[in-house]
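Each residue takes its place number in the sequence, starting with 1.
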Amino acid sequence: MRFVKPMTIIVLISSCLLSGCMSETEEPVVKPPADVKSVKPVKEKNEVEEFLIKEPSKDADTPGKAAVEQIQLTFKNGQTAVPTEDDVLSEAILGQKAVVSLHAPEAQNNYIILFYERSNRWTLTGILPVAGPSKSERSKSRGLKLPFQTFKKNEMVWNDEKDASTTWTFTGKQSIITVSKLSQQTIDDKRSASVTLSNGITAYTHETRREASLSYQDGEQTVLLGGNVPLASLKILAESLPSVNSGLFPYPEAE
């Protein structure tokens, strides 16, 4: 089942300029209330005009569950849509932070990336709409070993603080991968399995039937990878990443 009509709306995300967030399409960015960051949706046939956010239920004990209950999209043609559980592609959780990717309804290869932070509960702090590549698009991997050759890339800084968490997205035709550089997070080894990568780094992994995540410590920061791809693909990608101290991160090579 795809997106369905919602029942209630609590908060309307309005459009206004915001510094600190970037997309490779150089679209204007918007700042909704409560410091939830969002990038203006890309133009498609069914262009998204507004993101509406409602409070999740107490039963939404994971970011993925909260995302399904929170998000409504309003299109310029007046139609609305909300996600179902089938639209959750990946949910990468690490310590007090999480990245969730959803299928978006306006096109088959459009997605929404949601950023969550937890204090007493999971709180939505950012929204990044991204699109997959066009048929004619050519991509430069810059040394990254991604599981697809054609993709679109985007970048988002979570907040305006110094050394704020940053996430890069790599969107293929059917898959999406996120690479996040976070402040040092505690890795729950009860939820994760440890593995030694070919570059000697000890990584912690989690995999389900439809998604995978991988994390490791790099100095005083933590790197988190996630996506609706096999764990083996994330391992290969992680082995190609430079140190977080590199000015090129996450790219091993300059443009």
> Closest approach of Leu144 and Phe170, non-hydrogen atoms and distance?
Replying inline: CD1-CZ, 3.5 Å
> Of the options Leu102, Val229, Thr171, which is the one that meets Ile176 in a side chain to side chain contact (heavy atoms under 4.5 Å, CB included)?
Replying inline: Thr171
> How long is the gap from OG on Ser165 to CD on Gln221, to the nearest 0.5 Å?
Replying inline: 8.5 Å
> Quick one: do the Trp158 and Thr167 side chains pair a donor with an acceptor below 3.5 Å?
Replying inline: yes
> Which distance, rounded to the nearest 0.5 Å, do you find between the CG of Asn228 and the OG1 of Thr178?
Replying inline: 10.0 Å
> Which heavy-atom pair separates Gly219 from Gln184 by the least distance, and what is that distance?
Replying inline: O-NE2, 3.0 Å
>> Looking at every non-hydrogen atom in both residues, tell me the closest pair between Arg121 and Pro56 and how far apart they are.
In response: NH2-O, 3.2 Å
> Residues in side chain to side chain donor-acceptor pair (under 3.5 Å) with Glu211, at least two apart?
Replying inline: none
>> Do Pro63 and Leu114 have side chains that approach each other closer than 4.5 Å (heavy atoms only, starting at C-beta)?
In response: no
> Can you tell me if Arg118 uses its side chain to pair, donor with acceptor, with the backbone of Gly95 under 3.5 Å?
Replying inline: yes
>> Would Gln72 and Thr74 count as a side-chain contact (heavy atoms from CB on, under 4.5 Å) here? Give the steps.
In response: CA-CA 7 Å; Gln72 174 184 299; Thr74 300; 3.4 Å; yes
> Do Phe115 and Val99 have side-chain heavy atoms sitting under 4.5 Å apart?
Replying inline: yes
>> Is any side-chain heavy atom of Arg210 closer than 4.5 Å to one of Val88?
In response: yes
> Does any N or O in the side chain of Asp87 come within less than 3.5 Å of the main-chain N or O of Val82, such that one atom is a donor and the other an acceptor?
Replying inline: no
>> What's the separation between atom CD1 in Ile187 and atom NE2 in His206, rounded to the nearest 0.5 Å?
In response: 14.0 Å
>> Run the side-chain contact (heavy atoms from CB on, under 4.5 Å) test on Thr202 and Tyr216 for me, step by step, so that the C-alpha distance in whole Å, both residues' side-chain angles and the decisive distance to 0.1 Å come before the verdict.
In response: CA-CA 6 Å; Thr202 298; Tyr216 61 88; over 6 Å; no
> Please walk me through it: do Ile53 and Gln70 pass side-chain contact (heavy atoms from CB on, under 4.5 Å)?
Replying inline: CA-CA 5 Å; Ile53 307 298; Gln70 285 189 280; 3.8 Å; yes
> Has the side chain of Thr222 got a donor or acceptor atom that lies under 3.5 Å from a matching backbone atom of Leu182?
Replying inline: no
>> The test is side-chain contact (heavy atoms from CB on, under 4.5 Å); show your working for Phe151 and Ile177 and say whether it passes.
In response: CA-CA 10 Å; Phe151 58 89; Ile177 291 177; over 6 Å; no
> Quick check: does any side chain N or O of Ser90 sit under 3.5 Å from a backbone N or O of Gly226, one acting as donor and the other as acceptor?
Replying inline: no
>> Assess whether a salt bridge exists between Glu253 and Lys140, defined as any Lys/Arg side-chain N lying under 4.0 Å from an Asp/Glu carboxylate O.
In response: no
>> Give me the atom names and distance for the closest heavy-atom approach of Pro83 to Ile71.
In response: CD-O, 3.2 Å
> Looking at Thr186 and Leu94, what are the two nearest heavy atoms and their distance?
Replying inline: O-CD1, 4.1 Å
> Taking Arg142 for the side chain and Leu248 for the main chain, is one N or O donor matched with an acceptor at less than 3.5 Å?
Replying inline: no
> Between the main-chain N or O of Asp218 and the side-chain N or O of Glu220, is there a donor-acceptor pair closer than 3.5 Å?
Replying inline: no
> Looking only at atom types and distance, does a side-chain atom of Gln79 sit under 3.5 Å from a main-chain N or O of Leu73, one as donor and one as acceptor?
Replying inline: no
>> Does the plane of the ring in Tyr111 sit parallel, tilted or perpendicular to the ring in His103? Use 30° and 60° as the thresholds.
In response: parallel
>> How long is the straight-line distance from OG of Ser213 back to CG of Leu231, given to the nearest 0.5 Å?
In response: 8.0 Å
>> Would you say the rings of Trp168 and Phe249 are close, in the sense that their centroids are separated by under 6.0 Å?
In response: yes
> Would you say the side-chain atoms of Gln217 pair up with the backbone N or O of Gln185, donor to acceptor, closer than 3.5 Å?
Replying inline: yes
> Does the Thr205 side chain pair with the main chain of Ala193, one donor and one acceptor, at a distance under 3.5 Å?
Replying inline: yes
>> I need the Ile113 CD1 to Leu128 CG distance, nearest 0.5 Å.
In response: 6.5 Å
> Between the side chains of Ser57 and Glu69, does any donor sit under 3.5 Å from an acceptor?
Replying inline: yes
> Any donor-acceptor pair under 3.5 Å linking the side chain of Gln149 with the backbone of Ser139?
Replying inline: no
> So which heavy atom on Tyr116 is nearest to which on Thr125, and how close?
Replying inline: N-OG1, 4.2 Å
Review item, side-chain donor-acceptor pairs of residues 232-243, under 3.5 Å, at least two apart:
unit_1, atom_1, unit_2, atom_2, d
Glu239, OE1, Ser198, OG, 3.3
Glu239, OE2, Ser198, N, 2.9
Glu239, OE2, Ser198, OG, 3.2
Ser240, OG, Lys145, N, 3.2
Ser240, OG, Leu237, O, 2.7
Ser243, OG, Asn245, N, 3.1

>> Working to the nearest 0.5 angstrom, can you tell me the gap between Thr62 OG1 and Glu91 CD?
In response: 4.0 Å
